[in-house]
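What follows is a set of notes on a single structure, which appears directly below.
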Amino acid sequence: MSAAEGPLVVGVDTSTQSTKALVVDVATGRIVASGQAPHTVTSGAGRESDPRQWWDALSEALRQCGPAAHEAAAVSIGGQQHGLVTLDGHGEPVRPALLWNDVRSAPQGRRLIEELGGAKFWAERTGSVPTASFTVTKWAWLAEHEPDAVRATKAVRLPHDYLTERLTGQGTTDRGDASGTGWWASGTEAYDEEILAHVGLDPALLPRVVRPGEVAGTVRDGHDLPFSKGTLVACGTGDNAAAALGLGARPGTPVMSLGTSGTVYAVTQRRPADPTGTVAGFADARGDWLPLACTLNCTLAVDRVAALLNLDREAVEPGRGVTLLPFLDGERTPNLPRSSGLLHGLRHDTTGGQLLQAAYDGAVYSLLAALDLVLVEDADPSAPLLLIGGGARGTAWQQTVRRLSGRSVQVPRAKELVALGAAAQVAGLLTGEDPAALARRWDTAAGPVLEAVERDEETLAGLAGVLSDAAPLLNRGTTAD
């Protein structure tokens, strides 16, 4: 391993299923060392994880990084958004964390919208209309179903906050992740006292929101990680804001992320507020905004269909007439939290490969349907769509996105963009640089560009028609509490 040219920093991605750590050379952006360790998540409507697993996974991922982690001057944590972490007076979890893809709080979300001024109120106040993914609905669910847990809670954190606090001993978060809670007002960039009072959450239980460019703290004594006491700790951010930093995304550049969830987003300098609820008006980690649409069913749903058919995930075949909406875990976009997968148009001559392609089409359609709403008016329609996440390197995913979007697609070579974004964030603290500009200097978005092809209007129209006609059936389960 050649010597680093500049100081080393650690960027972390604590995602739904694993924690990844990168040791990065600030001068060049070169990844000096890396490590990864898994988490477990419960299945079914309730998706939960013990936060202590995240700490154990962070420790193991850093151990895999070897001596380079000991040399790091600073660290930042990027993590899955929305998760509700409840801690007792000793900083220990009261119960497992409710994760972003836990859809049990859908009834509470609907009631909160009705009780506090409707969708327009929420969009104008917080930038988003709360769905089952948002932390505020999870707190309302917990208060209704587990009041003893609420009474025992002395601190409320998001997943990345939990790890940052264990490093520093201080409760902090950032505007990017706070904007996904449903209790942070995007207009004032402060916690919303009216919403907090309505759901019975004392603002004293919440972490301090650290401003972009501000240090969250330093590493304290009494941990088993390879950091020296006093090592600089950045505030971290949510995974999508971290990935945007990792790409060095400029305003208006469209991004599609294909992972456990699917997302489309673009940085903008305009504060978003979509009363339809399709677009979440998130903040980014720099001081701008990150309008975003998210689906619950992406790579895992398509892989599940491939497994049911006993096919390799790339074994797609062209075909017409069959439509598959792969809403296996309920869905957020469109907002159908208790829906399930739906297959239409199955015939004797339909092949397994055609069914698999239909699953890809259904997953990508939901994301593309929201892309035009995400992009602001001054976005460049000719700019390539940046394709990131675990699915981005799959040929079937790439070709499906090209065919249904009609856009050119660029696949960055850099893989762990959330961890790279966290590294860029903390590197910016060390150097005084804009972290997005620093990531562009690292050339993280570089990668092959796949030219645009003619958009498949027939498949898009078929998907839109089936979704519209099936809406009453798909909505049937959403009325039960």
Side-chain angles (χ1 to χ4, degrees), residues 9-24 31-44 46-66 68-69 72 75-85 93 96-102 133 157-164 166-167 177 223-226 236-243 245-246 257-263 294-304 307 313 329 388-394 397 412 414-423 425:
V9 296
V10 170
V12 175
D13 173 13
T14 181
S15 65
T16 312
Q17 299 180 82
S18 67
T19 290
K20 304 136 196 160
L22 302 181
V23 182
V24 179
I31 297 172
V32 174
S34 64
Q36 179 172 346
H39 317 145
T40 59
V41 180
T42 61
S43 60
R47 299 299 176 93
E48 303 180 354
S49 285
D50 184 342
R52 288 167 292 204
Q53 285 191 49
W54 307 335
W55 181 262
D56 292 342
L58 175 61
S59 179
E60 172 58 22
L62 289 169
R63 186 196 65 78
Q64 294 173 20
C65 291
V75 58
S76 178
I77 311 286
Q80 55 176 307
Q81 291 185 254
H82 303 304
L84 176 64
V85 181
L98 298 171
L99 303 187
W100 61 274
N101 53 352
D102 188 313
S133 294
R157 301 291 185 260
L158 296 165
H160 106 263
D161 306 340
Y162 170 78
L163 293 176
T164 301
R166 286 197 62 170
L167 282 170
D177 220 359
H223 62 81
D224 54 357
L225 302 184
T237 191
D239 51 5
N240 291 297
L245 269 189
S257 177
L258 303 172
T260 304
S261 64
T263 57
C294 175
T295 63
L296 298 184
N297 298 277
C298 195
T299 57
L300 289 185
V302 171
D303 285 352
R304 180 58 182 152
R313 66 182 60 160
D329 292 323
I388 65 172
R393 284 168 172 72
W397 281 110
K415 294 181 179 180
E416 301 297 345
L417 286 162
V418 174
L420 276 173
Q425 182 190 57

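These numbers come from the heavy atoms of this one structure, side chains and all, not from hydrogens, waters or symmetry mates. These numbers were taken from a predicted model, which means no experiment stands behind them.
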Check the pair Ser34 / Glu416 against side-chain hydrogen bond (donor to acceptor under 3.5 Å, both in side chains), numbers first and verdict last. CA-CA 10 Å; Ser34 64; Glu416 301 297 345; over 6 Å; no
Mind checking salt bridge (Lys or Arg N to Asp or Glu O under 4.0 Å) for Arg304 and listing every partner two or more places apart, or none if nothing turns up?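 Not a single residue meets the salt bridge (Lys or Arg N to Asp or Glu O under 4.0 Å) criterion with Arg304.
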Evaluate side-chain contact (heavy atoms from CB on, under 4.5 Å) for Trp55 paired with Thr19, printing each intermediate quantity in order. CA-CA 9 Å; Trp55 181 262; Thr19 290; over 6 Å; no
To the nearest 0.5 Å, what is the distance between [atom1] ([X]) and [atom2] ([Y])?
| X | Y | atom1 | atom2 | result |
| --- | --- | --- | --- | --- |
| Leu258 | Arg393 | CG | CZ | 11.5 Å |
| Leu98 | Ser133 | CG | OG | 12.0 Å |
| Leu163 | Ile77 | CG | CD1 | 5.5 Å |
| Ser18 | Leu58 | OG | CG | 12.0 Å |
| Asp56 | Asp224 | CG | CG | 8.0 Å |
| Gln64 | Lys20 | CD | NZ | 12.5 Å |

Which pair of non-hydrogen atoms, one from [X] and one from [Y], has the smallest distance, and what is that distance?
| X | Y | answer |
| --- | --- | --- |
| Val41 | Ser49 | CG2-OG, 3.4 Å |
| Pro159 | Gly83 | CD-O, 3.3 Å |
| Ala422 | Gly11 | CB-CA, 3.9 Å |
| Asp50 | Pro93 | OD1-CG, 4.2 Å |
| Asp13 | Ala419 | CB-N, 3.9 Å |

Any sub-3.5 Å donor-acceptor pair from [X]'s side-chain atoms to [Y]'s backbone N or O?
| X | Y | answer |
| --- | --- | --- |
| Glu48 | Thr42 | no |
| Thr14 | Gly79 | no |
| Ser257 | Gly262 | no |
| Thr299 | Gly259 | yes |

Test applied, side chain to side chain donor-acceptor pair (under 3.5 Å); reference residue, Asp177; option that passes from His160, Arg157, His82, Gln80: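 Exactly one option meets the side chain to side chain donor-acceptor pair (under 3.5 Å) with Asp177, and it is His160.
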Angle class for the Trp54/His39 ring planes (parallel below 30°, perpendicular above 60°, tilted otherwise)?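 Trp54 and His39: tilted rings.
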May I ask you to test the Thr40-Gln53 pair for a side-chain heavy-atom distance under 4.5 Å? yes
Are Ser76 and Val9 close enough that some pair of their side-chain heavy atoms sits under 4.5 Å apart?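 Of all side-chain heavy-atom pairs linking Val9 with Ser76, none is under 4.5 Å.
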side-chain contact (heavy atoms from CB on, under 4.5 Å), that's the test. Do Val85 and Asp161 meet it? Break it down for me. CA-CA 9 Å; Val85 181; Asp161 306 340; over 6 Å; no
With Asp329, which residues qualify under side-chain hydrogen bond (donor to acceptor under 3.5 Å, both in side chains), at least two apart? Arg47
For Ser261 and Thr16, what are the C-alpha separation, side-chain angles and deciding distance, and is it a side-chain contact (heavy atoms from CB on, under 4.5 Å)? CA-CA 10 Å; Ser261 64; Thr16 312; over 6 Å; no
Could you walk me through whether Asp239 and Trp100 pass side-chain contact (heavy atoms from CB on, under 4.5 Å), step by step? CA-CA 12 Å; Asp239 51 5; Trp100 61 274; over 6 Å; no
More than 12 heavy atoms from other groups under 6.0 Å of CZ on Arg166: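 Atom CZ in Arg166 is crowded, with more than 12 foreign heavy atoms closer than 6.0 Å.
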